[in-house]
Amino acid sequence: RGTFQLFLLYNKQMSEPSQPFEIIWGQLLSRDPVQIRKAFSELDQDTQKGVLDHLNKMVVEEGWHPEQQASAQAALQALAG
């Protein structure tokens, strides 16, 4: 569901990522606004756009578990305000 593309984008844009990809997504989907904003701020602008696109898809597309959708929505709310 697009996660692999974000993984490739992340690896392309971040020459030396400070944290493994799985940890960053864990933070982005943690429902903790502080953790979400911190993880997001460490990404470059292109990766941030990809993350926002993916989170929006998670919220509206069918096939995602309700808990995943809730985590994506929480991330979007934390990043919006």
Side-chain angles (χ1 to χ4, degrees):
R1 286 229 175 246
T3 302
F4 184 68
Q5 287 95 352
L6 284 175
F7 174 74
L8 293 176
L9 178 64
Y10 173 78
N11 281 332
K12 176 182 166 200
Q13 297 296 325
M14 304 287 284
S15 58
E16 291 187 32
S18 59
Q19 297 184 49
F21 180 73
E22 297 82 13
I23 292 173
I24 297 230
W25 269 109
Q27 292 170 339
L28 290 168
L29 297 175
S30 69
R31 301 188 193 180
D32 176 348
V34 173
Q35 246 187 29
I36 292 165
R37 287 190 287 270
K38 181 180 183 307
F40 190 78
S41 72
E42 294 175 357
L43 303 173
D44 64 63
Q45 191 171 18
D46 287 340
T47 305
Q48 287 179 349
K49 182 183 179 323
V51 165
L52 290 173
D53 290 344
H54 187 67
L55 291 170
N56 279 301
K57 287 179 185 178
M58 288 178 71
V59 170
V60 298
E61 285 182 351
E62 291 185 24
W64 292 97
H65 188 278
E67 291 298 317
Q68 291 174 309
Q69 289 181 309
S71 294
Q73 183 64 50
L76 289 170
Q77 289 173 341
L79 296 171

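The figures here come from the full heavy-atom set of this structure, side chains too, leaving out hydrogens, waters and symmetry mates. Position 1 is the first residue of the sequence; numbering continues from there.
- By the side-chain hydrogen bond (donor to acceptor under 3.5 Å, both in side chains) test, D53 pairs with K49, sequence neighbours left out.
- Side-chain contact between K38 and Q27 is absent, with no heavy-atom pair separated by less than 4.5 Å.
- Closest non-hydrogen pair, W64 versus K57, comes out as NE1-O, 3.9 Å.
- Partners of Q77 according to the side chain to side chain contact (heavy atoms under 4.5 Å, CB included) rule, which considers only residues two or more places apart in sequence or in another chain, are Q73.
- With a 4.5 Å cut-off on side-chain heavy atoms, R37 and L79 count as touching.
- Residues forming a side-chain hydrogen bond (donor to acceptor under 3.5 Å, both in side chains) with Q35 (at least two apart in sequence, or on another chain): S30.
- Contacts classified as salt bridge (Lys or Arg N to Asp or Glu O under 4.0 Å) and involving residues 72-81 (residues at least two apart or in different chains) are not found.
- The salt bridge (Lys or Arg N to Asp or Glu O under 4.0 Å) contacts involving residues 69-81 comprise nothing, where partners must be two or more places apart or lie in separate chains.
- Side-chain contact between V51 and W25 is present, with heavy atoms from C-beta onward closer than 4.5 Å.
- Here the closest heavy-atom approach between residue M58 and residue A72 is recorded as CB-CB, 3.7 Å.
- For E67, the side-chain hydrogen bond (donor to acceptor under 3.5 Å, both in side chains) partners are R31, not counting sequence neighbours.
- When the side chains of ILVMFWY residues are joined at heavy-atom separations under 4.5 Å, either directly or via intervening members, V60 and L55 end up in a single hydrophobic cluster.
- In this structure, I24 CD1 and T47 OG1 are separated by 9.0 Å, a value rounded to the nearest 0.5 Å.
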